[in-house]
Trainee: 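I am attaching a structure below and will ask some questions about it afterwards.
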Amino acid sequence: MDPRSPLHPARRPLTPVLRALRLCLHVLMAGLLVLAAVRGDSAAGTVMAAVMGAVYAAGSYLPSVRSSQRAAGAWLAVLGASWLALLWLTPEALWLAFPLYFLQLHLLSTRWSLPAVALTAAAAILSYVGHGAALNPGVFIGPLLGAAVAVATVLGYHALYRESERRRRLIEELIETRAELAAAERHAGTLAERERLAREIHDTLAQGLSSIQLLLRAAERVLPADSPAAGHIGRAREAAQDNLAEARRFVRALSPPDLEHGSLAAALERLCEPGPGPAPEGPADAGAYGPGPRVRFSVSGTPVELPTPYEVALLRIAQSALANTVRHASASRAEITLSFMDASVTLDVVDDGRGFDPASVRPSSDGGFGLPAMRSRAESLGGTFTVESAPGQGTAVAVALPLPTGASA
């Protein structure tokens, strides 16, 4: 047996069952050696039985026999030679062939163990005949049947062990996969909650503070210069301004990690780079979708700074659209274009895949194509979302968001 194999005795853990089988083999060998020595009725037979017992005991406790096939083969050769000598002296030694079968099958590869078992059985039969015993079917059936039982037992055990190891590895992989899925779900949930909080802070707290500022500024303009309330209004406007800046810092801190170290254009460009990465709706990084179509990114117009909710929505829509291209379109090329116009910003994701009928798409239990989620993101910011596709004609996803006041190109 190959020492690198997990079935090799040096690599196989000693379970209680294996320990019991090993002890039974030791007891069987010792008992048969005593039987051969006692019934052999000769001093030479007794001495040779003791020699064989010493060789067997030495090999049982030598680590090299269990770790090296070459050492195991050498030990079995010495043990077999001592058995042949004992077999020459007394026919009672033929019973020792049975434990020898198991040792050969256990320590040698199949290529060598089966011929060794056959030679051992032949030696037992020839010895029995050579000692003058009458020929009968039992002379041949006994050793051959013992060899067949040993071969079937050992090979059956090896098959069961391999199946057990396969199932153990499968269970370990399932446990690891379940842990990875749980971690991915927790991470996705964290990101979704961060985005939700960012939207809530932007749409409620930040907008409310901005409105308060505008009202206070309007109140300042209509108050007389010497009004005692002017100072209070000025301080209130400063407090509103400070809190608005703090709210915007919270929104930036809760934005996707892709946007923390660069612009939206840089995040979209990383999304198009080849390489391993996360699935849509998770943190995007370089090459978010592994092997797939060649993706090109381009920017049109003069880039302007966009509010964080705009950047988050456009990035997530691009992720989802590109994920659909990889998973469903079988496309060879795709292109993402970010365009800055006078009053709007647009995102186009186009591929040359097999296309589909947008009218026939229905949300599935796992979210389907993600089109409803993309449309919801765009419409929540007052934008539009369109899909143009037909079977065999590729797919084009377009998002247009109106630029907020003061952000025009």
Side-chain angles (χ1 to χ4, degrees), residues 195 198-199 201-203 206-207 210-211 214 244 247-248 251-252 254-273 280-281 284 286 288-289 293-325 329 331 333-353 355 358 361 369-390 393-409:
E195 289 185 29
R199 287 196 302 270
I201 292 173
H202 177 272
D203 295 342
Q207 295 294 346
S210 182
S211 299
L214 293 174
L244 178 59
R248 285 172 175 167
V251 171
R252 285 194 297 272
L254 293 170
S255 63
D258 314 78
L259 302 172
E260 290 180 358
H261 306 292
S263 63
L264 171 63
L268 291 173
E269 188 171 6
R270 288 196 301 272
L271 187 67
C272 299
E273 294 175 0
E281 298 299 328
Y289 308 102
R294 295 189 303 274
V295 185
R296 189 179 69 174
F297 172 70
S298 60
V299 179
S300 174
T302 304
V304 298
E305 185 176 353
L306 297 174
T308 298
Y310 277 51
E311 293 185 336
V312 172
L314 292 173
L315 177 61
R316 292 308 190 208
I317 290 172
Q319 285 179 309
S320 296
L322 189 56
N324 289 339
T325 297
R333 294 190 307 275
E335 184 170 352
I336 299 178
T337 305
L338 181 64
S339 303
F340 293 91
M341 303 179 184
D342 292 338
S344 64
V345 57
T346 63
L347 176 74
D348 298 281
V349 182
V350 182
D351 66 64
D352 62 352
V361 174
F369 284 85
L371 297 179
M374 289 187 269
R375 187 182 305 278
S376 175
R377 285 185 186 276
E379 293 177 350
S380 68
L381 296 174
T384 59
F385 176 82
T386 57
V387 179
E388 295 181 2
S389 183
Q393 298 183 15
T395 302
V397 173
V399 182
L401 300 179
L403 286 176
T405 303
S408 300

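The structure presented is a predicted model; accordingly, all values stated were derived computationally and were not measured. Both backbone and side-chain heavy atoms feed into the values below; hydrogens, waters and symmetry mates do not.
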Trainee: Can you list the residues that meet the side-chain contact (heavy atoms from CB on, under 4.5 Å) rule with P402, with sequence neighbours excluded?
Mentor: Y310
Trainee: For side chain to side chain contact (heavy atoms under 4.5 Å, CB included), just list the numbers for L347 and L268, CA-CA rounded to whole Å, side-chain angles, deciding distance to a tenth of an Å, and then say yes or no.
Mentor: CA-CA 10 Å; L347 176 74; L268 291 173; 4.1 Å; yes
Trainee: State which residues pass salt bridge (charged side-chain N to carboxylate O under 4.0 Å, His left out) with E269; sequence neighbours excluded, sorted by chain then number.
Mentor: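 Expected list: none.
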Trainee: Specify the closest pair of heavy atoms between A378 and L401, including all atoms of both residues, with the distance to one decimal.
Mentor: O-CD2, 3.7 Å
Trainee: To check you understand the geometry: which heavy-atom pair defines the closest contact between A331 and D352, and what is its length?
Mentor: CB-OD1, 3.3 Å
Trainee: Could you work out, with side-chain contact (heavy atoms from CB on, under 4.5 Å) as the rule, every residue matching V387, not counting sequence neighbours?
Mentor: F356, P358, L371, F385, T395, V397
Trainee: Is any side-chain heavy atom of P293 less than 4.5 Å from a side-chain heavy atom of D351?
Mentor: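 Of all side-chain heavy-atom pairs linking D351 with P293, none is under 4.5 Å.
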Trainee: Do V399 and M374 have side-chain heavy atoms sitting under 4.5 Å apart?
Mentor: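 Counting from C-beta outward, V399 and M374 never come under 4.5 Å.
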Trainee: Is the closest side-chain heavy-atom distance between F340 and T302 below 4.5 Å?
Mentor: no
Trainee: Using a 4.5 Å cut-off on heavy atoms from C-beta on, say whether the side chain of I317 contacts that of L315.
Mentor: no
Trainee: Step by step, would you call N324 with V349 a side chain to side chain contact (heavy atoms under 4.5 Å, CB included)?
Mentor: CA-CA 11 Å; N324 289 339; V349 182; over 6 Å; no
Trainee: Got a donor-acceptor contact below 3.5 angstrom from the S320 side chain to the R316 backbone?
Mentor: yes
Trainee: Identify, with sequence neighbours excluded, every residue that meets salt bridge (charged side-chain N to carboxylate O under 4.0 Å, His left out) alongside D348.
Mentor: none
Trainee: Enter the distance from I336:CD1 to L314:CG here, rounded to the nearest 0.5 Å.
Mentor: 11.0 Å
Trainee: Considering residues at least two apart in sequence or located in another chain, which fulfil the side chain to side chain donor-acceptor pair (under 3.5 Å) criterion with R296?
Mentor: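 For R296 the side chain to side chain donor-acceptor pair (under 3.5 Å) partners, ignoring immediate neighbours, are E335.
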Trainee: Who passes side-chain contact (heavy atoms from CB on, under 4.5 Å) against T384, sequence neighbours left out?
Mentor: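 Per chain and number, T384 pairs via side-chain contact (heavy atoms from CB on, under 4.5 Å) with A400.
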Trainee: Is there side-chain contact between T325 and V295, with heavy atoms separated by less than 4.5 Å?
Mentor: no
Trainee: Compare every heavy atom of A334 with every heavy atom of L322, then report the nearest pair and how far apart it is.
Mentor: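 Answer, listing the atom of L322 first, then A334: CD1-CB, 4.4 Å.
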Trainee: Considering non-hydrogen atoms only, spot the tightest contact between F297 and A265 and give its length.
Mentor: CE2-O, 3.4 Å
Trainee: Please report the shortest heavy-atom distance between L264 and E311, naming the atom on each side.
Mentor: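 Heavy atoms of L264 and E311 come nearest at CD1-O, 3.6 Å.
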Trainee: Do S344 side-chain atoms and L403 backbone N/O form a donor-acceptor pair below 3.5 Å?
Mentor: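 No, S344 side chain to L403 backbone: no donor-acceptor pair under 3.5 Å.
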Trainee: Work out which heavy atom in G355 is nearest to a heavy atom in S389; give both atom names and the distance.
Mentor: CA-OG, 3.4 Å
Trainee: Might you confirm whether atom CD of E388 has over 12 heavy atoms from other residues, nucleotides or ligands at distances under 6.0 Å?
Mentor: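 Atom CD in E388 is not crowded, with 12 or fewer foreign heavy atoms closer than 6.0 Å.
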